[in-house]
*Asks:* 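I have a structure here, written as structure tokens, and I will follow up with some questions on it.
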There are 2 protein chains.
Amino acid sequence: MTSQTADGGRAPSMQDVARLAGVSLGTVSHALNKPEKVSARSLQKVLAAVEQLGFVPNSAARSLAAGSSSTVGLVLTDIDNSLFVDIARGAEDEARTSGHALLLANSDIDFKRQESYLDIFDEARVAGILFTPLNASLEGVDRVRRHGRRIVLVNYAGGRQDCCAVLSDEEYGGYMAARHLLELGRRRLLFAGGPEEFHAIKERRNGALRAVMEAGNATLEIIPSRRLKSDEGRKIAAEVTGRAADRVPDGILSPSDRIAAGVIHELMARGLRVPEDVAVIGYDNNHFATEVAISMSTVAQDGHSMGAEAINLLLDEIRNPDHEHRVLTLKPRLILRESTLGPSGRPVPEEDGRLPLEA
Amino acid sequence: MTSQTADGGRAPSMQDVARLAGVSLGTVSHALNKPEKVSARSLQKVLAAVEQLGFVPNSAARSLAAGSSSTVGLVLTDIDNSLFVDIARGAEDEARTSGHALLLANSDIDFKRQESYLDIFDEARVAGILFTPLNASLEGVDRVRRHGRRIVLVNYAGGRQDCCAVLSDEEYGGYMAARHLLELGRRRLLFAGGPEEFHAIKERRNGALRAVMEAGNATLEIIPSRRLKSDEGRKIAAEVTGRAADRVPDGILSPSDRIAAGVIHELMARGLRVPEDVAVIGYDNNHFATEVAISMSTVAQDGHSMGAEAINLLLDEIRNPDHEHRVLTLKPRLILRESTLGPSGRPVPEEDGRLPLEA
DNA sequence: CTTGCTAATTGAAGCGCTTCATCTGGATTC
DNA sequence: GAATCCAGATGAAGCGCTTCAATTAGCAAG
């Protein structure tokens, strides 16, 4: 309770604590880090002194002396995308249970920032780094690994097998989405939007294609777009509704919820019924997916698990001397809502029998 | 280019660089930190050695020796709310221009996490902390300040004048929103949703009340809700549309875009026209505010400026010996879209003559 | 009362850097 | 050519902690 204002400016050090408690420096350190190695009496005295001085350990000194710190750094691509928010939460929860703090850095889809934050964590000698890289390049990964830093890739790995990674099965997600539309009886499918140079989007498209091929009697049209925003969806919806009736798609899947939201709203504005006339399904289960005019079916990647698993891989790499790198690929889940099922809109069991999670 | 794998495991230190470059330790340090104090020849040699060894400075050692680090910590309340995302971006941009890195920590609306991250930044002896506190308590602020840590409050300050803060004028935001509805000729206003114990929400309500009082011939009904999610909005909309025609509000303002989105969608689902029958305005200009069925009018707090200004206050506190604490209160902006203006929906100049920004 | 052992405690070495007082050597001046 | 300077370079002292070898205290057994 009692703690004194910084007299003399300097924050109290362990030395000060030791003096006040009448024990040696080493004992204070032990008392704070491995209390079981210290007599109850000393422990008592040390804690009292800590309290009285308002002592806060200096983590710079600690990690300098110990050779490494206990915080984990997470370099995020885009804090505005709820997938990454979920990843951060999952990582944070898991890190916390093992006594590690998680610090975030947001690269904001900027390659140079991404690299610079990698370096900052590297310089800070963090216990490890979780990294959701941009497509572009993984050179930063090699750089920090050369310095002995441990790093786990999340959400994208560019095919690397030489470090741990947690991925989402994008191809399968696209497959499930298309297959769901096909099972609803839709045959003229449209894959709406997305820049093809993104690995994830290409995969989702491939998955959709596979489902359509399997079905045999269906078609998949593909209209790419440059960005992933909702106006692209509106534009695409406007275009296809202008067509002859037999060329209007009856099922639309989009690699992003934003685009899907644009599609849905534009279709409705033009008098088409969703899902009766056109069923629409998005991707990502963004946190706003239920705030749309009609709640949106989508493919959910379990960001929380991705973050948590990534931490586990990292901890194994840290603690286990004969650690072997592993790449975990998590299956996404279908989440069915009104935009494909209609107002009855309650979730139905998905393929493998589990109930999809409600957001 | 050439850099060698960690032989011997140990990362190369400045000592190693000095040896290889054939200069002293001190010279290496100078070359790296204040190159102008060093001859061109030494600089050359040092940089070459750094390159060859793949040397990365140890920031723990640096901040231990220097007494403080150059990173700034930002403790965020809720990474899922785009206001905080904007604050983070603004802070990050501004910090970067002055050579400070910004590390984020997400308390996820959890008081204990919030306090623990405050401590982590405190222990790391960061240059300063930006803090968006929960209502609950500001005791962590006092704790870290006692240790000499500098801290700037963002978005909420609980009336404190003894530290720097950047706030948003919530009362004025509520006032503007209500006043806008009144200027559209609406007279039966409804303030929809929000837990009243939140300071910001109470303020917004007070502002709305003030506008209605000023108008004289209008009424403001208030229906609180426990949470800020869209289903609360749907519930409220469902309730009021069930009423006798002359008791249905013709203008609804909500302290959150989520609630407003629920209101809009439910009204439309029940056959009411927005904005012809009921004009609706939200609050926060969340990033999904344009992904709604009809784009949503809202009150925008300029998170980016809040973050940037907070960094500036912090830097002044760090650098300026006769710094004085200041509380900055930023005015929010009205952003007018279809949900109050109708399909013409283009932005009109706001009160002070500036054009509202499009999201 | 010894002896032997373990549990606690101690103090010093060192982690990798910054900084400051000190020293060096070449250019400048008279 | 001696005296004066000053940019540059140097090396040691510490920053606050962890850790380890060495020491001491505490206690049961003989």
Side-chain angles (χ1 to χ4, degrees), chain A residues 6 8-46 49-50 53-71 122-127 147-148, chain B residues 6 8-47 49-50 53-71 120 122-127 147-148:
Chain A
R10 233 181 75 276
S13 73
M14 267 198 174
Q15 196 56 261
D16 301 327
V17 174
R19 219 182 333 266
L20 181 61
V23 299
S24 82
L25 181 54
T27 301
V28 176
S29 176
H30 283 140
L32 263 29
N33 296 316
K34 19 194 86 167
E36 72 280 6
K37 298 249 159 208
V38 144
S39 74
R41 228 168 49 85
S42 303
L43 186 58
Q44 202 75 26
K45 288 194 292 181
V46 169
V50 165
L53 292 174
F55 167 75
V56 174
N58 181 327
S59 63
R62 171 193 295 240
S63 46
L64 179 58
S68 84
S69 91
S70 79
T71 68
D122 190 16
E123 291 176 14
R125 305 291 194 266
V126 292
H147 303 149
Chain B
R10 234 182 73 275
S13 74
M14 268 197 173
Q15 196 56 261
D16 301 326
V17 174
R19 217 180 338 264
L20 180 60
V23 299
S24 81
L25 179 57
T27 302
V28 176
S29 176
H30 283 139
L32 263 28
N33 296 319
K34 21 194 84 167
E36 73 281 5
K37 298 250 159 206
V38 145
S39 74
R41 228 167 50 84
S42 305
L43 185 58
Q44 203 75 24
K45 289 193 291 183
V46 169
L47 293 182
V50 164
L53 292 175
F55 168 74
V56 174
N58 181 325
S59 63
R62 171 192 294 238
S63 48
L64 178 57
S68 85
S69 92
S70 78
T71 69
I120 285 172
D122 190 16
E123 291 175 15
R125 305 291 196 263
V126 292
H147 303 149

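Just so we're on the same page: letters track the sequence lines, and every chain starts at 1.
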*Asks:* Atom CG of A/Asp16 and atom P of D/dC15: how far apart are they, to the nearest Å?
*Replies:*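 These atoms are roughly 11 Å apart.
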*Asks:* Roughly how far apart are A/Lys37 NZ and A/Leu43 CG, rounded to 0.5 Å?
*Replies:*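 Output value for this atom pair is 14.5 Å.
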*Asks:* Quick one: does A/His147's side chain have a donor or acceptor within less than 3.5 Å of a partner on A/Glu123's backbone?
*Replies:*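 No, because the side chain of A/His147 does not come within donor-acceptor range (under 3.5 Å) of the backbone of A/Glu123.
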*Asks:* Scan for salt bridge (Lys or Arg N to Asp or Glu O under 4.0 Å) pairs involving residues 23-32 of chain B, sequence neighbours excluded, and state none if there are none.
*Replies:*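 Those involving residues 23-32 of chain B do not exist here.
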*Asks:* Given axes from five pairs at either end, by how many degrees does the helix from C/dC1-D/dG30 to C/dC30-D/dG1 bend, rounded to 10°?
*Replies:*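 The two end axes of the helix from C/dC1-D/dG30 to C/dC30-D/dG1 meet at 40°.
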*Asks:* Give, for atom CG of A/Leu32 and atom CZ of A/Phe55, the distance between the pair rounded to the nearest 0.5 Å.
*Replies:*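 The distance works out to 6.0 Å.
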*Asks:* Send over the distance from B/Asn58 CG to C/dG16 C1', rounded to a whole Å.
*Replies:*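 Result: 6 Å.
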*Asks:* Rounding to an integer number of Å, can you tell me how far A/Gln15 CD sits from D/dT18 P?
*Replies:*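 To the nearest whole Å, that distance equals 13 Å.
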*Asks:* Find the distance B/Lys45:NZ to D/dT10:C1' and express it as a whole number of Å.
*Replies:*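 In whole Å, D/dT10 C1' lies 13 Å from B/Lys45 NZ.
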*Asks:* If I take atom NE2 from residue A/His30 and atom OG from residue A/Ser24, how far apart are they, to the nearest 0.5 angstrom?
*Replies:*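 Nearest 0.5 Å value for the NE2-OG distance: 8.5 Å.
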*Asks:* If I compare all heavy atoms of A/Ala127 with all of A/Ser69, which pair ends up nearest, and what's the gap?
*Replies:*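 Between these two residues, the closest heavy atoms are CB-O, 3.4 Å.
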*Asks:* Under 4.0 Å from OP1 or OP2 of D/dT18: is there any side-chain N or O of A/Asn33 that close?
*Replies:*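 Looking at the OP1 and OP2 atoms of D/dT18, one of them is under 4.0 Å from a side-chain N or O of A/Asn33.
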*Asks:* Nearest heavy-atom pair of B/Ala49 and B/Ala21: which atoms, and what distance?
*Replies:*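 Smallest interatomic distance, heavy atoms only, reads CB-CB, 3.9 Å.
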*Asks:* Mind running side-chain contact (heavy atoms from CB on, under 4.5 Å) on B/Lys45 and B/Thr27 for me, showing each step along the way?
*Replies:* CA-CA 11 Å; B/Lys45 289 193 291 183; B/Thr27 302; over 6 Å; no
*Asks:* Measuring from atom OG of B/Ser59 to atom CG of B/Leu64, what distance do you get when rounded to the nearest 0.5 angstrom?
*Replies:*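 Atom-to-atom, B/Ser59:OG and B/Leu64:CG are 11.0 Å apart.
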*Asks:* Between P on C/dG16 and CZ on A/Arg62, what's the gap in Å once rounded to a whole number?
*Replies:*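 Distance check: A/Arg62 CZ to C/dG16 P gives 18 Å.
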*Asks:* Output the single nucleotide from C/dG16, D/dT18, C/dT19 whose closest atom is nearest the side chain of B/Ser13.
*Replies:*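 For B/Ser13, the side-chain atoms sit closest to C/dG16.
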*Asks:* For the side chain of B/Leu64, counting heavy atoms from C-beta on, which of C/dT19, D/dT18, D/dG16 is nearest?
*Replies:*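 Selected nucleotide (nearest to the side chain): D/dG16.
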*Asks:* With respect to the side chain of A/Lys34, which nucleotide from D/dC17, D/dC15, D/dT19 is positioned closest?
*Replies:*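 Shortest atom-to-atom distance from the side chain points to D/dT19.
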*Asks:* Report each atom pair, protein N/O against N/O of nucleotides 7-12 of chain C, whose distance is under 3.5 angstrom.
*Replies:*
residue, atom, partner, partner atom, Å
C/dT9, OP1, A/Ser39, OG, 2.8
C/dT9, OP1, A/Ser42, OG, 2.3
C/dT9, OP2, A/Ser39, N, 3.0
C/dT9, OP2, A/Ser42, OG, 3.4
C/dT10, OP2, A/Ser24, N, 2.7
C/dT10, OP2, A/Ser24, OG, 3.2
C/dT10, OP2, A/Thr27, OG1, 2.7

*Asks:* Starting from C1' on D/dT19, measure out to CG on A/Leu32 and report it in whole angstrom.
*Replies:*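 Checked: the CG to C1' distance equals 15 Å.
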